[in-house]
Every structure is written in structure tokens, then in C-alpha cells.
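The block underneath contains the structure these notes are about, expressed in C-alpha cells.
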Amino acid sequence: MTDLKDWTPRPLPVREPLEGRYVRLEPLDAAKHGDGLYEASSVADAGERFRFLFENPAEDRETFRAWLEKVEASKDPLFFAVIDKASGKVAGRQTLMRIDPAFGVIEIGNIYWGPLISRKAAATEAQYLFMKYAFELGYRRYEWKCNNANEPSKRAAERFGFKFEGIFRQHMVQKGKNRDTAWYSVIDSEWPALKVAYEAWLSPDNFDADGTQIKRLDAFRVG
């Protein structure tokens, strides 16, 4: 059993950019990111993309601006814009949330990855950058939670190396419907092997000329 007699609270995450090869995560700034995020969120299939998020697609720019100013000021959830480095465009957003420095627990949530990066290396790297940051801050547990009806999110969690922990029944009410929540986590002892796997998968050598992966992420995981 791990000896935690010298455990101390972890630092809070701060509003600073996180740099990757394919994406850069920037603390959300309404003035800087607003137009780009509105464009990334106003796509033809936005209704389906927002289906399991707590908010709906913005009906107009003014509604979106009000939401943006509110979340920009939030410390938990702490919002970041996802910048696609190839195009320089805002491609989505995500948060660090339910931040518990006393016990070293933190969660990724409020994920919206638009068409520019969804199902691409950039989206995987966006998740990896948060995970890396959390464990480098000394957090012991990094969580992913989603509506149990959200099968794509559950598959993503497993692909990203999270371990399924169970279902919290009648956990929330979301858009007028019951939400049973599926819980997943990665803990600090699992991170070193996952870090190696992510970095091998994200290497340009693992993608062909069309950007298609050569090996799956789980092919690089050990243990």
C-alpha cells in the first residue's frame, strides 16, 4: 500500500497555454477565441455533437457571447480553447473540472471537438496534454465521466486508457432527461506507461501521408 503520510495538497492548474505538436490549448479568452469557437460550434451537425453536453448549440452570436463571458470567468470548470496548429483555427474547447487539490483528483470535461480535429490525432493530443499536465502537477487521479448512453464517449475513454469503474445511477438530470453516469479514471501509477504509449502513437512516424494511423494507441500500451 502506498505510504501517503507526507501527502500535501496539489497546486491548482493555472491559466497557461499547453503546447503540443498538433494542437495548442489556450486558456479561454472571449475576445481572442469567441469568433473562432462560435464558428467551430455552428456546424451542420451541431445538434448531434451537443447532444450529451449540458448546453445546446448557440442560437445566435449574442447568446454565445453571454455564455462565453460566463465560462471565461470560471475557475472550475477551467476552460481552454483547442487550437488546431495546422490551420491556426479554434477547433473546440475542453475543461479541467471538479478540481480537488486536497486529494489530488481532477477531471477532463465539457469536451467539444469540432470537425476540424474530431477523430484525428489532434483530438487525442488535446486529451493527452491535459492528462500530462494533471500528473505533472502531482495529481493522483484523472477522471473521465459521461452519460452512460453516450457510446462514442465510452469508447473514447477506453481507447485513451481510462479504466471503467462503474455506473452512478440517476446521477444527474440533463436536458430534461435522467442521466446515469459512467465513471472512468487513470491513476498516477498507470501514467508512466500511458505517457510512453501516447508519445509513440502521436509521433509523425505513426501516420501515413493521409494522416491515417499506422498502429492503434493500444498497440503501444504495455501492462
Do the non-hydrogen side-chain atoms of [X] and [Y] ever get within less than 4.5 Å of each other?
X	Y	result
Phe54	Lys175	no
Leu25	Val82	yes
Tyr184	Glu158	yes
Leu129	Glu125	yes
Ile108	Thr95	no
Pro77	Val71	no
Trp113	Arg119	no
Asp180	Gln170	yes

Residues Val173, Asn178; criterion side-chain contact (heavy atoms from CB on, under 4.5 Å); working and verdict: CA-CA 5 Å; Val173 176; Asn178 173 63; 5.8 Å; no
Please report the shortest heavy-atom distance between [X] and [Y], naming the atom on each side.
X	Y	result
Glu165	Ser185	OE2-OG, 2.7 Å
Ile99	Asp76	N-OD2, 2.9 Å
Pro27	Pro17	CD-N, 3.8 Å
Ala58	Phe64	CB-CB, 3.5 Å
Pro101	Trp7	O-CZ2, 4.2 Å
Leu202	Arg21	O-NH1, 3.3 Å

Cation-pi check, Arg140 onto Phe103 ring (under 6.0 Å, within 45° of axis):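 No - Arg140 does not lie over the ring of Phe103 by the 6.0 Å and 45° rule.
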Charged tip of Arg98 within 45° of Trp183 ring normal and under 6.0 Å: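 Pair Arg98/Trp183 does not count as cation-pi.
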Distance from [X] atom [atom1] to [Y] atom [atom2], nearest 0.5 Å?
X	Y	atom1	atom2	answer
Arg155	Cys146	CZ	SG	10.5 Å
Glu72	Phe79	CD	CZ	11.5 Å
Phe168	Lys145	CZ	NZ	8.0 Å
Leu28	Leu68	CG	CG	5.0 Å
Asn147	Lys177	CG	NZ	9.5 Å
Tyr142	Ile187	OH	CD1	15.0 Å

Among the clusters formed by ILVMFWY side chains lying less than 4.5 Å apart, do [X] and [Y] turn up in the same one?
X	Y	result
Tyr133	Phe162	yes
Ile106	Val14	yes
Leu18	Ile117	yes
Leu37	Met97	no
Phe160	Leu96	yes

Check against salt bridge (Lys or Arg N to Asp or Glu O under 4.0 Å), Glu143 and Arg141: CA-CA 6 Å; Glu143 298 178 333; Arg141 175 180 168 87; 2.6 Å; yes
Derivation of the salt bridge (Lys or Arg N to Asp or Glu O under 4.0 Å) call for Glu26 and Arg24: CA-CA 6 Å; Glu26 297 181 354; Arg24 181 173 58 258; 2.7 Å; yes
With no hydrogens and no angle check, do the side chains of [X] and [Y] hold a donor and an acceptor under 3.5 Å apart?
X	Y	answer
Gln127	Tyr198	yes
Gln94	Asn110	no
Arg49	Ser41	no
Asn150	Asn148	no
Ser203	Asn206	no

Do the side chain of [X] and the main chain of [Y] share a donor and acceptor less than 3.5 angstrom apart?
X	Y	value
Arg10	Thr8	yes
Asp208	Thr212	yes
Tyr112	Ala40	yes
Arg61	Tyr38	no

Crowding at [atom1], [X] (>12 non-hydrogen neighbours, <6.0 Å):
X	atom1	result
Phe164	CZ	yes
Arg216	CZ	no
Lys85	NZ	yes

Residues Lys89, Leu116; criterion side-chain contact (heavy atoms from CB on, under 4.5 Å); working and verdict: CA-CA 9 Å; Lys89 293 183 176 181; Leu116 198 58; 3.9 Å; yes
side-chain contact (heavy atoms from CB on, under 4.5 Å) between Lys120 and Tyr22, intermediate numbers included: CA-CA 10 Å; Lys120 297 178 182 177; Tyr22 307 106; over 6 Å; no
Residues Val90, Glu39; criterion side-chain contact (heavy atoms from CB on, under 4.5 Å); working and verdict: CA-CA 8 Å; Val90 180; Glu39 180 181 348; over 6 Å; no
Set of ring pair (Phe, Tyr, Trp, His ring centres under 6.0 Å) partners for Phe52, sequence neighbours left out: none
Between Trp191 and Tyr139, ring centroids under 6.0 Å: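 Distance test on ring centres: not under 6.0 Å, no.
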Full working for side chain to side chain donor-acceptor pair (under 3.5 Å) between Gln213 and Trp201: CA-CA 8 Å; Gln213 67 178 354; Trp201 187 86; 2.8 Å; yes
Residues Arg51, Glu48; criterion salt bridge (Lys or Arg N to Asp or Glu O under 4.0 Å); working and verdict: CA-CA 5 Å; Arg51 178 183 173 193; Glu48 181 59 29; 3.7 Å; yes
